[in-house]
There are 2 protein chains.
Amino acid sequence: MILLSTITKEPMPANPVTLIDVAKAAGVSPITVSRALNEPHLVKPATLAKVQEAVKLTGYVKNMLAGGLASSRSKLVALVLPTISTQTFADLVQGATDRLTAAGYQLLLGIVGYETWREEILVETILSRRPDGIILTGSLHTDSTRQRLLQIGTPVVEAWDLTPHPIDMAIGFSHEEVGHMCAQHLLKQGYRRFAILTANDPRAGQRTQGFQVAIAKHGASVIASHVVQAPGALPQGRLGAIKLLDEHPELDAIFCSSDTLAHGVLIEAQSRGLRVPQDLAIMGFGDLNFSEYTNPPLSTVKVDGAKIGALSAQALLDRLAGGGDSAPAERVVNTGFELIQRGST
Amino acid sequence: MILLSTITKEPMPANPVTLIDVAKAAGVSPITVSRALNEPHLVKPATLAKVQEAVKLTGYVKNMLAGGLASSRSKLVALVLPTISTQTFADLVQGATDRLTAAGYQLLLGIVGYETWREEILVETILSRRPDGIILTGSLHTDSTRQRLLQIGTPVVEAWDLTPHPIDMAIGFSHEEVGHMCAQHLLKQGYRRFAILTANDPRAGQRTQGFQVAIAKHGASVIASHVVQAPGALPQGRLGAIKLLDEHPELDAIFCSSDTLAHGVLIEAQSRGLRVPQDLAIMGFGDLNFSEYTNPPLSTVKVDGAKIGALSAQALLDRLAGGGDSAPAERVVNTGFELIQRGST
DNA sequence: CTGTTAGCGCATTCAC
DNA sequence: GTGAATGCGCTAACAG
C-alpha cells in the first residue's frame with residue numbers, strides 16, 4: 001500500500017499511451033494506426049482489426065491537441081451567446097450541438113452577456129484554440145473583433161439577426177420587421193393605447209424600434225415603456241406590468257420583448273381581473289410554444305431557435321467540406337418568423 | 001483583381017504568425033515571448049513592453065493547441081449535461097462558465113440527453129481534447145465510462161446529485177431527500193390523495209421514489225402517476241394535469257418533478273376553477289424563483305443551479321492549483337436545498 | 001531575468 | 001496498402 005502510493009506520487013504524464021504504443025502492440029507503424037482511426041477505409045480489414053484490438057488493449061485515447069496541431073483542423077466550433085437562460089438561445093445551442101456532434105465536431109461555448117468588451121476578449125481567447133468555425137449571436141461586434149476575425153479567416157456565422165454587412169455569413173431574421181408586424185397586427189385588432197415592456201438587449205431594442213415606428217405611422221401612440229434587465233424573466237414581467245398598469249390604467253395593449261415577460265404580464269392582468277385580450281392585449285416574442293398553454297393562450301411571434309442553430313452549424317460544415325478554398329461567401333439566410341394569433345381577437 | 005484572387009487561392013496556413021515571428025520583431029528569443037504572455041511577472045517590464053508591441057504589430061494570436069500539447073495543460077474544462085433547456089441546468093452552465101473564464105479556462109460543452117450510451121461516446125471524444133477537468137451531471141455512468149475516467153486521471157466532478165461512491169468528487173444534493181421532505185410537508189398540511197407528475201429522467205425518478213416511500217410510510221396513498229418525456233415543459237404539465245384530474249377527480253395534491261410542470265398544472269387547475277392550494281395542492285421543484293410570481297404562488301423546492309456550477313468549477317480549479325499531485329480526494333459536497341412554502345397552507 | 005536544447009503526439013508529404 | 005522522415009507551435013528543464 002505504501003509502495004503504491006509512493007509510486008503514484010511520481011509526476012506521471014496524464015496519459016502515457018500514444019499512437020506509438022498502439023503501433024507496437026499491433027505490430028504496425030504509427031501512421032497505419034493513425035489511418036486506421038481516422039480513415040479506416042484506407043486500411044486493409046485485417047490490419048484494421050489488429051489495430052482496433054491494440055487500441056482496446058492499451059487503452060489508447062486519441063489526442064486531438066496533437067492531431068489538431070499537425071493538421072490544423074481542430075474539429076472544434078465555438079459558439080458565442082449573450083445568455084443561455086432564454087428558451088430560444090437554449091434551443092439554438094441544442095440545434096447547433098446536434099448538427100456538430102453528428103459531424104464529429106465539438107462545441108466550445110462562450111457566454112458573454114450583453115457587454116461588447118467581454119465579447120472582444122472572448123473572441124481572442126477562442127481564436128487561440130484554432131476553432132474550425134465560429135458562431136456569433138448578434139452583430140454588436142467591435143471593429144477590432146471584426147478585424148481579428150477577418151484576419152484569421154476562420155469561417156464565421158452571425159446567427160440570430162440579419163446584418164447588411166456580415167463578417168462572413170449571417171443566418172437569422174429581421175428584428176425590426178418583427179416589431180413592425182406586431183404593431184400592424186394590434187392596430188388591425190383595434191388597439192390604440194400601447195405600452196412596451198422590453199429587456200435591454202440590442203435585438204429587443206430593434207424589435208421595439210420597429211414597433212414604435214409602425215405605431216407612429218398610424219397615428220397611434222406608445223404611451224409608456226418600461227425596460228428591464230436582460231434576459232427578462234417572468235418576475236420582471238409581472239413587476240413591469242404592475243408598474244405600467246398602475247401608472248397608465250388606460251392601456252389596452254402591451255408589447256413585450258419576450259414570451260417570458262408576456263407571461264408575467266398575463267399573470268398580473270389576471271390578478272387584476274382584466275380579461276385578455278378583451279380588456280388588455282398582450283404580445284410576446286420567442287419560440288415558447290407554451291404560450292399556447294397559458295390561460296388564455298397568448299399571441300406571439302414564433303422563432304425556431306433550434307433551426308437557426310442547426311443552419312448555422314451546417315453553413316460552417318459546408319464551408320469546411322468545401323476544402324476551405326471557397327472565399328467568404330457573404331451568404332445570408334433569412335430564417336423568417338411567424339406571427340401566431342391565439343384567442344378570438 | 002485577378003492577381004489577388006489567384007494569390008488567395010493558395011492553401012495559405014490559417015495563421016502564419018507564430019511566436020518566432022513575434023520574437024524576431026521584438027528582438028528577443030521565443031521563450032521570452034512565451035513568458036511575457038503567460039507569466040508576465042517573470043519578465044522585465046522593458047522587454048515585456050517590447051513584446052507586447054511586437055504582438056500588436058504582427059497580429060499574433062496564441063495557439064493553445066501547441067501550448068497545450070507542450071505543457072499538457074489544455075486550459076479546457078468539459079461540462080456534460082443531459083439538457084440545457086431547464087432553468088437549473090442553464091444556471092449551472094452559467095455558474096460554471098463564470099468561474100472558469102475568470103480563471104482563464106474555457107468550456108467544452110456536451111449535451112447528451114438521457115441516454116447512457118451517448119454519454120459514453122461523448123466522454124471518449126471529450127478525453128481526446130485532454131481537458132484539465134470534467135464536470136458530469138448525474139451519476140448514471142456506465143462502468144466503462146468510469147473506468148476510462150479513472151484510468152486517465154483527469155479530475156472529475158459529478159454535479160447535481162450525490163453518490164455514495166463518486167468517481168472523484170461529487171457536488172450536489174440528495175434527490176431522494178427532496179421527495180421525502182415534500183411528502184412530509186404535504187402530509188402535515190392534511191393532504192391525503194396524491195398524484196405524481198414526473199419527467200422520465202433518473203434524478204426525477206429518485207425524487208419520486210423518495211416521495212412515494214415517505215407517503216407509504218404514513219399510510220397515505222399515491223393514487224396515480226403520469227410520466228412525461230424529459231425535460232418536461234409547461235405544455236406537458238398542463239396536459240398531464242388534464243389526464244390526472246380527469247381520471248382522478250378526487251386528487252387533492254400533485255407532486256411535480258419540476259416547477260415548469262407544476263406551472264402547467266396550475267394553469268389547468270385554474271381553468272377548472274380549482275382553488276390552489278385549498279382544493280388542490282401543487283408542489284414543484286427547481287430554482288425558478290418565478291414560482292413566487294405565479295398566481296397564486298406555488299410552493300417548491302429551491303435549488304441553486306448557479307451555485308452548484310460554480311462550486312463544481314471551483315473544486316476542479318482547486319485540484320488543478322494543487323499541482324495535480326493530490327490524489328482523488330473523494331470530496332463530497334452537499335449543497336442542500338430549501339423547501340419554500342408559499343400561500344397560506 | 002533570459003536563452004538553448006529538446007520533444008510534446010500526431011499528420012503530411014512522399015516513397016515503397 | 002503501408003512505412004520513413006519531417007515539422008506543426010509551443011513550453012519544460014536546465015543553463016547562464
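Values in this document were obtained by computation on a predicted structure and should not be read as measured data. Protein chains get the first letters and strands the later ones, always in sequence-line order, with residue 1 at the start of each.
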Please write out each protein N/O paired with an N/O of nucleotides 12-16 of chain C under 3.5 Å, distance rounded to 0.1 Å.
residue : atom : partner : partner atom : Å
C:dT12  : OP1  : A:Arg73 : NH2          : 2.6

Please report, rounded to the nearest Å, how far the [atom2] atom of [N] is from the [atom1] atom of [X].
X: B:Leu19; N: C:dT4; atom1: CG; atom2: C1'; answer: 15 Å
X: A:Leu37; N: D:dT2; atom1: CG; atom2: C1'; answer: 15 Å
X: B:Leu65; N: C:dG9; atom1: CG; atom2: C1'; answer: 12 Å
X: B:Lys62; N: D:dC8; atom1: NZ; atom2: C1'; answer: 18 Å
X: A:Tyr60; N: C:dG9; atom1: OH; atom2: P; answer: 10 Å
X: B:Lys75; N: D:dC10; atom1: NZ; atom2: P; answer: 17 Å
X: B:Arg129; N: C:dC8; atom1: CZ; atom2: P; answer: 21 Å
X: A:Leu69; N: D:dT11; atom1: CG; atom2: P; answer: 11 Å

Q) CD1 of B:Ile20: more than 12 outside heavy atoms within 6.0 angstrom? A) no
**Q.** Carboxylate-amine/guanidinium proximity below 4.0 Å for B:Asp91 and B:Lys307
**A.** no
Q. Are the charged groups of A:Arg331 and A:Asp318 less than 4.0 angstrom apart, N to O?
A.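 Salt bridge between A:Arg331 and A:Asp318, a charged N being under 4.0 Å from a carboxylate O: yes.
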Q) Listed by chain and number, what are the salt bridge (charged side-chain N to carboxylate O under 4.0 Å, His left out) partners of B:Arg148, not counting sequence neighbours? A) B:Glu124
Q. How many angstroms lie between atom CG of A:Asp168 and atom CD of A:Glu158, to the nearest 0.5 angstrom?
A.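 Interatomic distance, A:Asp168 CG to A:Glu158 CD, rounded to 0.5 Å: 8.5 Å.
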Q: Return the nearest nucleotide to the side chain of B:Ser29; candidates are C:dT4, D:dG9, C:dA11.
A: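 From the listed options, C:dT4 comes nearest.
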**Q.** Donor on one side chain, acceptor on other, B:Gln147 and B:Asp143, under 3.5 Å
**A.** no
Identify all side-chain donor-acceptor contacts of residues 115-122 of chain B below 3.5 Å with residues at least two apart in sequence or on another chain.
residue  : atom : partner  : partner atom : Å
B:Glu115 : OE1  : B:Trp117 : NE1          : 3.1
B:Glu119 : OE1  : B:His141 : ND1          : 2.9
B:Glu119 : OE2  : B:His141 : ND1          : 3.2
B:Glu120 : OE1  : B:Thr142 : OG1          : 3.0
B:Glu120 : OE2  : B:Ser144 : OG           : 2.5

Q. Looking only at side-chain N and O atoms, does A:Asn63 come under 4.0 Å of OP1 or OP2 in C:dC8?
A. no
(Q) Here's a test of your reading of the structure: between B:Thr47 and A:Gly67, which maps to the more 5' nucleotide of DNA chain C? (A)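 It is B:Thr47, whose closest nucleotide lies nearer the 5' terminus.
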